[in-house]
Amino acid sequence: MKSELESLIDEIKSCRKCTLHLTKKNYVPGEGNENAQIMFIGEAPGREEDEQGRPFVGNAGKLLTALIERKLGLARKDVYIANILKCRPPNNRDPMEHEVDACFPYLLRQIEIIKPDVIVCLGRHSAKTIFEHFEIPFRNISRDRGKVHVKNTDFGKISFVATYHPAAALYKPAYREIIESDFEKISGLIKRKNLTLSDFISD
Ligand code: URA
């Protein structure tokens with residue numbers, strides 16, 4: 001039988017709530033561990049993600065994956081990765097408000113099912129949308145990144161942290177160090193309960 005998350009993913013893949021489904025190649029619903037302790041939320045799929053139907057698989061995704069592995073000691077399969085929008089906006093333009101309004105309920109249902117302890121917002125669009133929804137003050141990403149906000153939500157207690165979008169670090173090397181230091185802070189928030197049996201077995 002399908003899990004609740006798998007059924008939700010099927011529902012997302014037949015969404016017609018805005019016109020982005022007409023221009024996308026593939027829906028990019030999100031992927032990862034249904035019991036993840038930590039969720040990463042980006043803005044919207046880019047070209048590579050649209051091709052593959054998977055989040056963060058282009059150059060920004062390679063950096064995100066490296067940060068998850070090196071700074072958090074986790075694998076992609078341990079975490080959950082999703083976006084505010086599930087379809088690529090044409091030419092990677094910014095998400096429009098009505099698109100966010102149409103798509104955001106899917107993300108809320110993903111959060112409700114996964115019940116993460118930590119949500120990491122990648123970039124200003126993600127941070128603004130998530131922070132506003134959960135009533136966390138947001139001014140701009142430079143001022144508000146790297147701070148931990150613990151909130152009692154309808155989905156349990158969640159620590160919210162925003163950081164720069166990994167794509168920003170690719171064209172502004174100074175951001176790279178800042179993202180790395182934010183990930184070190186995030187590392188302190190996770191309780192490493194997602195370790196698998198193989199983590200305890202040595203040859
Ligand atoms: N940028 C995003 O915000 N999300 C992706 O999945 C890829 C790039």
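What's counted below: heavy atoms across the whole structure, side chains too, no hydrogens, waters or symmetry copies. Residues take their numbers from the sequence shown, with the count starting at 1. Counting starts at 1 for both ligands and their atoms, in listed order.
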Between Q37 and K115, do the side chains contain an N or O donor and an N or O acceptor separated by less than 3.5 Å? no
Within 45 degrees of the ring normal and closer than 6.0 Å to the centroid, is that where the cationic atom of K17 sits relative to Y106? yes
Ordered by chain then number, the protein residues lying under 4.0 Å from ligand 1 by heavy atom are G42, E43, A44, E49, P55, F56, N83, H165
Checking R145 against T163: is there a side-chain donor and acceptor pair closer than 3.5 Å? no
Parallel, tilted or perpendicular, judged at 30° and 60°: which one describes the rings of F131 and F138? perpendicular
Side chains of Q110 and Y80: do they bring a donor and an acceptor to under 3.5 Å? yes
Is K147 atom NZ crowded by more than 12 heavy atoms from other residues, nucleotides or ligands, each under 6.0 Å away? yes
